[in-house]
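Have a look at the structure below before the remarks.
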2 protein chains.
Amino acid sequence: MARSETTKKTTRIQRQKTEIILEAALDVFSDFGFRGSTIDMIANRANLSKPNILYYFDNKEAIHITLLEKLLETWLEPLHEINENNPPIDEICKYIEQKLNMARDFPRESKLFANEILQGAPHVLPELQGTLRALVEKKAKIIKNWSKQGKIADIDPNHLFFSIWATTQHYADFDIQVQSVLNDETVDPFQSASPFLKKMFSTMLEP
Amino acid sequence: MARSETTKKTTRIQRQKTEIILEAALDVFSDFGFRGSTIDMIANRANLSKPNILYYFDNKEAIHITLLEKLLETWLEPLHEINENNPPIDEICKYIEQKLNMARDFPRESKLFANEILQGAPHVLPELQGTLRALVEKKAKIIKNWSKQGKIADIDPNHLFFSIWATTQHYADFDIQVQSVLNDETVDPFQSASPFLKKMFSTMLEP
DNA sequence: AACATTACTGACCAAACGGTCAAGTTTTTT
DNA sequence: AAAAAACTTGACCGTTTGGTCAGTAATGTT
C-alpha cells in the first residue's frame with residue numbers, strides 16, 4: 001500500500017521521490033495522454049523501477065489525479081486576482097498576460113489539462129462544476145458591474161473568459177500547429193501573441 | 001490483406017462496411033484518443049467482429065489516418081473560400097460563422113483533430129507544414145493587402161487565424177468545461193458565441 | 001549493536017491488446 | 001448450376017501493460 005494513503009507524516013525520501021515521480025509523470029502524461037502513457041515510461045523517465053513507483057502511488061490513476069489537483073490550483077490563481085477596483089482594461093490585460101505566460105512557462109501543465117478536458121474530464125469534472133463554476137460566476141459579476149457602470153462595453157463575461165482561455169492556451173496546446181504555420185519566422189509566438197491579444201480584447205472592451 | 005491496399009475497384013459491400021467502420025472509429029477515437037481506443041471498441045460500435053475490421057483496414061493506425069485525411073479536407077475548406085474582392089469584415093465574419101458551425105455540427109471531428117495536434121501531430125505533421133502552411137500564407141497575404149489598402153486595421157494575420165481557430169474550436173473540444181461553467185443557462189453556447197465572436201473580431205479589424 | 005521501520009526490486013501474474021489464419025459462408029460471375 | 005471471388009469469424013498467438021509479492025537492502029531509532 002502506498003504511504004500516501006496510510007501515513008500522514010512524510011519522510012525526506014518520500015517527499016523527494018514523490019516529487020521526482022510527479023515531474024517524470026508530467027513529462028509523460030502531457031506527451032501521450034493518460035491512456036497512452038505507461039508506468040514503465042514514467043519509471044524510465046524518473047530512473048526508478050516500476051514497483052518503486054507503485055510503492056509511492058497506489059496506481060497509475062493516482063499519479064494522474066495528484067498532478068491534476070496540483071495543476072488546478074495554480075491554473076485558477078490568475079483568475080482570483082481580478083480586482084473590481086482597478087481599471088477594467090488593465091485588469092483584463094494583466095489576466096491575459098498571466099495566462100499567456102503560464103502557457104509559455106508551463107506548457108506541459110496546459111497540455112495535461114487539455115487532454116483531461118478533451119476526454120470529458122473524467123477526473124476533474126466535480127472541480128469544474130464546483131470550484132471553477134463558482135469562481136467564474138463571481139468574476140463574471142465584476143465584469144457585468146463594469147459594463148453597467150459604463151466602464152467597458154456590454155459583453156457576455158462567460159464568452160470573454162472562454163475566448164481568453166482558448167486563445168492563450170492555444171499557443172501551448174497546439175504549438176505544433178503554430179510552429180508549422182510560422183516555421184521560418186524566428187520570432188517567439190508568445191512574444192508576438194501578447195500585444196495582439198491585448199489589443200484584440202481591449203479594443204472590444206472599450207465602451 | 002486489406003482490400004484498400006491491394007485493389008483499386010471497390011465493391012458495394014466494401015463501400016458500405018468501410019463507411020460503417022469509419023463512423024464507429026470516429027466515435028471511439030474522438031472520445032478516447034488514438035492510444036486509448038481499441039479495435040474491439042470500434043468493432044463493438046460497428047457491430048462487426050475484430051477480424052472483419054482488419055479485413056478492411058491493415059491495422060488500427062490505417063483507420064486513424066484515413067479519418068484524419070478525410071477530415072483535413074473539409075477542415076480547411078472554409079479557409080479556401082476567403083475572397084479578396086469581398087468586403088473584408090464580411091469575409092472574416094463568414095469564416096467565423098463557418099468554423100463555429102463546423103464545431104457545432106462536427107464536434108467529433110474537431111476533437112479528433114485536437115487530440116492529434118496535442119500529441120504532436122504524429123500522423124499529419126507533413127500536411128500541417130505543407131498544405132496548411134501554404135494555404136495560411138496565401139490567405140495571410142490577402143489580409144495584409146486589406147491592411148495596406150486601409151480597409152482593415154493593421155494586425156498580424158497569423159495570430160488572427162490562430163485566434164479564430166482557438167475560439168471556435170474551443171466550444172467543441174472543451175465542451176465539458178463550457179457546459180460546467182454555463183450549466184444552468186439553457187441557451188446553446190454556440191448560438192450565443194456567434195455574435196460575441198463576430199463582434200470581437202470585427203471590432204478589432206475596424207480601421 | 002540490535003532492532004524496527006522504510007525503501008526497493010526481480011520475478012511473476014492475469015488481463016488486454018494488436019494482429020493472424022485456416023476454415024467456413026455469402027455474393028458475384030460465367 | 002458451378003466456379004470464382006469476396007466476405008466473415010472463432011480460435012489462437014506474442015506482446016504489452018497494470019499491478020502484486022516475497023524477499024532484500026538501506027535507513028533511522030534505541
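Keep in mind the model is a prediction, meaning the values are calculated, not measured. Protein chains get the first letters and strands the later ones, always in sequence-line order, with residue 1 at the start of each.
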If you check the [X] side chain, which of [options] turns out closest?
{"X": "B:N52", "options": "D:dT9, D:dG18, C:dG10", "result": "D:dT9"}
{"X": "A:Y56", "options": "C:dA7, C:dC17, D:dC7", "result": "C:dA7"}
{"X": "A:I13", "options": "D:dT17, C:dA7, D:dT9", "result": "C:dA7"}
{"X": "B:T38", "options": "C:dT27, D:dG19, C:dG18", "result": "C:dG18"}
{"X": "B:R12", "options": "C:dT28, D:dG19, C:dC8", "result": "C:dT28"}
{"X": "A:P51", "options": "C:dG19, D:dC21, D:dG18", "result": "D:dC21"}
{"X": "B:L54", "options": "C:dT20, D:dT20, C:dT9", "result": "C:dT20"}
{"X": "A:I39", "options": "D:dG19, C:dA7, C:dT9", "result": "D:dG19"}

Under 3.5 Å, is there any donor-acceptor pair linking the side chain of B:K50 to the base of C:dG18? yes
For A:E61 and A:H123, does a side-chain donor sit closer than 3.5 Å to a side-chain acceptor?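 Indeed, the side chains of A:E61 and A:H123 share at least one donor-acceptor pair under 3.5 Å.
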[N] phosphate, OP1 or OP2: any side-chain N/O from [X] under 4.0 angstrom?
{"X": "A:Y55", "N": "C:dC8", "answer": "no"}
{"X": "B:T11", "N": "D:dC7", "answer": "yes"}
{"X": "B:Q14", "N": "D:dA6", "answer": "no"}
{"X": "B:N59", "N": "C:dG18", "answer": "no"}

Nearest-angstrom distance from the residue atom CD of B:E61 to C1' of C:dC17: 15 Å
Separation of C:dA7 atom P from A:I21 atom CD1, nearest Å, is 11 Å
Going by the rule ring pair (Phe, Tyr, Trp, His ring centres under 6.0 Å), which residues pair with A:F196 if we only count those two or more places apart in sequence or in a different chain?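 Applying ring pair (Phe, Tyr, Trp, His ring centres under 6.0 Å) to A:F196 gives B:H159.
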Axis deviation across the helix from C:dA1-D:dT30 to C:dT30-D:dA1, five-pair ends, to the nearest 10°: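 Comparing the first five pairs with the last five, the axes sit 10° apart.
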Look at A:R108 together with A:E23 and state whether they make a salt bridge at an N to O cut-off of under 4.0 Å.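 Yes, A:R108 and A:E23 are salt-bridged.
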State whether B:R133 and B:E137 are salt-bridged, where the test is any N-O pair (Lys NZ or Arg NE/NH1/NH2 against Asp/Glu carboxylate O) under 4.0 Å.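 Yes, B:R133 and B:E137 are salt-bridged.
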Give the C-alpha distance, both sets of side-chain angles, the deciding distance and a yes or no for side chain to side chain contact (heavy atoms under 4.5 Å, CB included) between B:Y171 and B:L100. CA-CA 8 Å; B:Y171 291 93; B:L100 203 55; 4.2 Å; yes
Check whether any side-chain heavy atom of B:N115 sits under 4.5 Å from a side-chain heavy atom of B:F32, and report yes or no. no
Just to verify, what does A:K99 make a side chain to side chain donor-acceptor pair (under 3.5 Å) with, not counting sequence neighbours? none
